[in-house]
Structures are given as C-alpha cells and as structure tokens.
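Owing to the predicted nature of the structure, the values given are computational and were not obtained by experimental measurement. Below, read A as the first sequence line, B as the second, and so on, with proteins coming before strands; counting in each chain starts at 1.
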2 protein chains.
Amino acid sequence: MRHLSNCCRRQEEGHNVQARGNIVTSSSRKARRAFDGFLDILFRRKADTNALGWGPSRTYLPCTEILRQDTPAKAVFLVESGLLKLSRIVDTGREVIAGLRRQHWIIGAPAVLLGKAYSFTATTLTHCSLRSVSAETFVNMLSTDPNFSFQMLVMLSREYYKQSETLVCLGCLPAIDRLKQLLYEITAEVQRSSDLHQRVKIQVPLKHLEMAQMIAITPEHLCRLLNKLEEEKIITRDKGSLIVNDTQRLKQGCGL
Amino acid sequence: MRHLSNCCRRQEEGHNVQARGNIVTSSSRKARRAFDGFLDILFRRKADTNALGWGPSRTYLPCTEILRQDTPAKAVFLVESGLLKLSRIVDTGREVIAGLRRQHWIIGAPAVLLGKAYSFTATTLTHCSLRSVSAETFVNMLSTDPNFSFQMLVMLSREYYKQSETLVCLGCLPAIDRLKQLLYEITAEVQRSSDLHQRVKIQVPLKHLEMAQMIAITPEHLCRLLNKLEEEKIITRDKGSLIVNDTQRLKQGCGL
DNA sequence: AAATGTGATCTAGATCACATTT
DNA sequence: AAATGTGATCTAGATCACATTT
C-alpha cells in the first residue's frame with residue numbers, strides 16, 4: 001500500500017475552518033440546531049470526561065495521520081476541536097474521502113467494538129485537539145458506565161446516519177448535485193444560522209483534490225463543475241476563498 | 001412521494017435465499033466466520049430475548065414494507081429469518097438499495113436513537129420473521145440492561161462497518177467491479193465455507209432491477225455487464241439462476 | 001403484463017497532456 | 001514545486017425505443 005497523504009501548504013496555514021469574513025448584512029445569529037445542543041450537553045463537563053477515562057487533550061498539526069486504514073483498532077478518539085477527514089485508498093490507488101469529522105465526534109469506535117481493523121485513515125485537516133482511550137479502556141468504560149454507553153450509542157447512530165446520507169448521495173445524484181450539497185453543507189456549517197438567503201464567503205478547508213475525493217470525481221472535472229456554478233452565478237471564486245451568492249439555489253439543486 | 005415498490009412475482013416464490021443446489025464436489029462445510037458465531041451467541045437464547053422486551057415473532061410475506069423512509073422512527077426490528085432490503089428514493093425518482101439485512105441484524109435503531117425519521121425503507125425480499133419493540137421500550141431496554149446495551153453497540157458498529165464498505169465501493173470502483181463484489185458476497189453467503197474455488201449455483205434473491213439499484217447502475221447496463229462476465233466464463237446464466245464458475249476470479253476482480 | 005434483453009445514440013465524467021497560478 | 005486550470009479525446013454508463021422471455 002502506498003503512503004497515504006503527502007503534506008502540503010496547509011501546514012503553515014493553521015486553522016482555516018471558520019469563515020474568514022461574512023459579507024452578510026442581516027445577522028440573526030440564532031441558536032445551533034437542537035441536536036447539536038444535545039451533544040453539547042453530553043460532553044459539556046470536562047471534569048466528567050476526564051473522570052471517565054479519556055486521556056488528556058493532545059494537539060496535532062494539520063496533515064497528521066491519527067490512525068490508518070487496515071491497522072488493528074487499538075484506540076478511540078474524541079475530537080475536541082479542529083477538522084479531520086476519513087479516507088480510504090483501494091487497491092486501484094483511488095482514494096475516497098468518506099466524510100469529515102469535527103468537534104464532538106468520535107473516531108475509531110466501530111472498529112474497536114468489532115475487534116477489526118480501522119476501515120478508514122483519519123487525517124487532520126486543521127490544527128486539532130483530540131483525546132483518546134485505548135481499546136480496552138473504552139470497552140471498560142462502556143461496561144461500567146451506562147450513561148457513557150448510551151452516549152456512544154447515540155454517537156454511533158449519528159455516524160451511521162451521516163454515512164447513509166453520503167451513500168445515498170453517491171448512489172443517486174450526479175456529480176454537480178453532490179458538489180452543490182457539499183458546498184451547502186460547508187456553508188451551513190460556517191453560518192450556523194437558519195436564514196441562509198445570503199451571500200457568504202467561505203474558506204473551504206479542503207484542497208480541490210480533496211473536494212473531488214469527497215464527491216468521487218477527478219480534480220479536473222471538479223474544476224469544470226466549479227466553472228459551471230460560477231457561470232450560473234451561484235458562486236464566485238476569489239483566489240483561495242469562495243463566495244456563495246445564493247445559498248437557496250445551492251440547497252434546491254442538491255436533490256436531497 | 002411516490003409509492004415505493006410494487007409487488008412482483010416474488011410473492012408466489014417464497015423463500016429463495018438458500019442455494020437451490022450446489023454443484024460442489026468437495027464439501028468441507030467449515031464453521032461460519034468467528035464473528036457470525038459471536039452474534040449467534042448474543043441471540044442464542046430465545047427466552048432471554050423474550051424477557052428483554054422484544055415483541056413476539058411475526059412473519060411477513062415477500063415484498064412487504066416494514067418501515068418507510070422519512071417517517072418518524074417508532075420501532076426497532078430484529079430479523080430472525082429471511083432477507084430484507086434497505087432502500088431510499090430521492091427527489092429525482094432514483095432509488096438506491098443501501099444494503100440487504102438478514103438474520104441477527106437490527107433495523108431502525110439509529111433513527112430511534114436519534115429521534116429522527118428512518119433514513120431507509122425496509123422491504124422484505126423473502127418470507128421474513130421479525131420481532132419488534134417500540135422506540136420507548138427499546139430505549140428503556142438500553143438503559144436497564146447493560147448487556148443489551150453492549151450488544152446494540154456491537155450491532156450498530158457492524159451496520160456502520162458494512163455501510164462504510166458499500167460507500168467505498170460506490171466511490172472508488174467501476175460498476176463491473178461492484179457487480180463482481182456483489183456476486184461474490186452472495187456466493188459467499190450461500191456457501192459459508194472457506195474453500196471457494198468451485199462452481200456454485202446461486203439463486204439470487206434479487207430482481208435485475210434490484211441488483212442494478214444495489215450497484216447504482218441502470219438495469220440495461222447491468223444486463224450488459226452480466227453478458228460480459230458470461231463471455232469471460234466467470235458466470236453462466238441458466239434461466240432464473242446463476243452459476244458462478246470461478247469464485248476466485250470474482251473475488252480478485254472486485255478490487256477490495 | 002412484468003421482467004429481461006439488445007441495439008443505436010448520447011453524455012457525464014475520466015484520462016492525458018500541457019499551461020498557468022500560488 | 002505543488003496546486004490549479006484547460007483543451008482534446010476517450011469511454012463507462014445512461015437513455016430511449018423496441019424485441020423477446022417468463
């Protein structure tokens with residue numbers, strides 16, 4: 001198996017998850033969605049998390065490989081901050097990105113619970129802060145703490161649910177719609193408000209190659225699709241960053 | 001939303017999951033894989049399962065819709081026997097089959113745990129025997145019985161793991177390889193032995209349309225791909241059933 | 001009648017080769 | 001130098017229309 005991802009200019013950039021500048025005039029910064037709130041409650045008290053057995057926070061530079069596909073699952077990670085990608089390379093050399101993970105998501109739990117190898121490689125995209133537990137401790141925490149056990153059930157369900165959306169998206173929608181959906185998700189992520197009928201400048205935390213891997217196309221084709229969206233005035237490109245002119249049209253177009 | 005699947009000749013056929021006749025001469029019927037054995041243990045004692053709160057076994061005819069996408073998740077199902085498909089129709093009218101579920105798999109748990117709508121429609125392909133619990137009872141069982149809770153964690157992980165394989169397959173492999181993989185899985189399912197270098201006659205429990213939906217292509221294209229496999233002598237078609245001449249070449253070809 | 005097959009044609013997306021940016 | 005863009009060409013797979021099986 002070839003070496004997974006080679007490092008890149010991201011190294012020097014540091015955090016680029018947040019929007020750098022919203023061109024938005026209106027400004028009802030409403031509450032996050034209810035579900036996210038629920039998860040916040042689950043992990044609110046750091047002291048508890050410590051007591052439960054998670055190791056201390058560790059920070060990682062961008063482009064660091066946290067765990068690797070097909071290696072035995074020895075640990076579970078909890079993302080405290082930052083953004084990671086879950087990717088897999090197949091024999092033919094093609095790489096897919098199965099999804100991105102951020103704050104309050106766990107990584108590696110299914111493989112640990114099944115005693116199998118990790119199905120994906122997890123790589124940091126930005127500076128990340130993570131906590132980990134060994135496989136044994138994780139299982140121990142599950143068997144001794146019913147609350148923790150329930151939390152993990154919810155989190156695994158959320159993983160499954162998200163994975164399912166990705167799967168359906170890949171199976172049913174043409175690449176242009178998958179791209180619209182990806183951009184819509186990133187925009188929604190950045191905005192975190194419910195009135196999205198606005199221009200938003202987003203700093204996509206992914207290289208074009210990576211965006212292409214997320215929607216399972218080649219970078220060349222991605223480039224053409226972005227041109228198309230620009231022609232249709234849905235987006236405007238401004239060097240590294242990207243301005244979404246019409247969030248609604250993105251959402252409508254994406255077929256989900 | 002249009003009505004989901006229309007019934008079919010399957011109605012009269014009854015069980016067609018099992019292989020109808022193995023042309024196999026050698027016969028080391030070895031034990032199932034270790035993992036399946038583990039799950040058998042988990043659900044071995046029916047009495048326990050009863051005590052836990054699952055409802056009584058109910059049987060369903062083929063082509064029965066058990067639960068429907070985008071409806072509130074009110075129950076969780078446990079498959080005791082038979083085969084079901086999990087499918088989703090998107091706005092464009094296209095339908096994907098996300099996967100098949102059989103004995104000892106649960107259906108609907110992630111949606112219940114998240115308090116969301118089901119992401120898929122579950123439809124029986126053969127005669128099925130299922131047990132169910134209401135969402136409330138399910139959550140109650142989880143909070144009162146740590147063993148049950150742990151079982152569910154393992155089963156959800158398995159769901160996630162399988163879903164991930166499907167996702168990678170869709171994202172990385174060309175249709176011919178996805179078809180090979182599907183056929184290999186069905187063959188392995190039917191054989192349940194580790195020496196697969198044999199001719200096997202399999203009764204695929206799916207219509208061509210459904211096989212096409214599983215690998216995200218049109219039925220026409222599927223037909224051409226099957227022709228191709230037949231030209232390459234990997235399979236032989238014999239009316240309804242299908243003879244795999246070379247399991248090894250199926251496996252090698254499938255890219256995973 | 002529904003499912004399957006097949007031919008002709010079209011198109012989304014891949015591949016390759018090279019230019020331009022950062 | 002790596003990332004991005006773009007033009008020319010190819011091909012896997014879709015679409016449509018109709019024939020053949022079950």
Counting just side-chain N and O atoms, does [X] come under 4.0 Å of either OP1 or OP2 of [N]?
| X | N | value |
| --- | --- | --- |
| B:Asn227 | C:dG5 | no |
| A:Thr218 | C:dG13 | no |
| A:His221 | C:dA12 | no |
| B:Arg237 | C:dG5 | yes |

Atom [atom1] of [X] and atom [atom2] of [N]: how far apart are they, to the nearest Å?
| X | N | atom1 | atom2 | result |
| --- | --- | --- | --- | --- |
| A:Lys228 | D:dT6 | NZ | P | 16 Å |
| B:Glu220 | D:dC16 | CD | C1' | 8 Å |
| A:Ile217 | C:dA12 | CD1 | P | 13 Å |
| A:Asp238 | D:dT4 | CG | P | 15 Å |
| A:Lys207 | C:dT22 | NZ | P | 17 Å |
| B:Gln213 | D:dG13 | CD | P | 17 Å |
| A:His208 | D:dT6 | NE2 | C1' | 14 Å |
| B:Ile176 | D:dG13 | CD1 | P | 8 Å |

Checklist entry - From D:dC16, C:dG5, D:dT4, pick the nucleotide closest to the side chain of B:Cys223? => result C:dG5
Checklist entry - A:Arg94 side chain: which of C:dG5, C:dA14, C:dG13 is closest? => result C:dA14
Checklist entry - Counting only Watson-Crick or G-U wobble pairs whose two distances fall under 3.5 Å, which nucleotide matches C:dA12? => result D:dT11
Item to check | For D:dT21, the Watson-Crick or wobble counterpart (both distances under 3.5 Å) | outcome: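 The base-pairing partner of D:dT21, which may sit in any strand shown, is C:dA2.
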Find out whether [X] and [Y] are in side-chain contact, i.e. whether some heavy atom of one side chain is under 4.5 Å from a heavy atom of the other.
| X | Y | result |
| --- | --- | --- |
| B:Leu229 | B:Leu179 | yes |
| B:Leu84 | B:Leu100 | no |
| B:Gln69 | B:Ile89 | yes |

Item to check | Worked check of side chain to side chain donor-acceptor pair (under 3.5 Å) between B:Ser164 and A:Gln163 | outcome: CA-CA 7 Å; B:Ser164 299; A:Gln163 200 84 294; 2.9 Å; yes
Next on the checklist: side-chain contact (heavy atoms from CB on, under 4.5 Å), that's the test. Do A:Ser132 and A:Arg58 meet it? Break it down for me.
Outcome noted: CA-CA 9 Å; A:Ser132 67; A:Arg58 268 197 60 189; over 6 Å; no
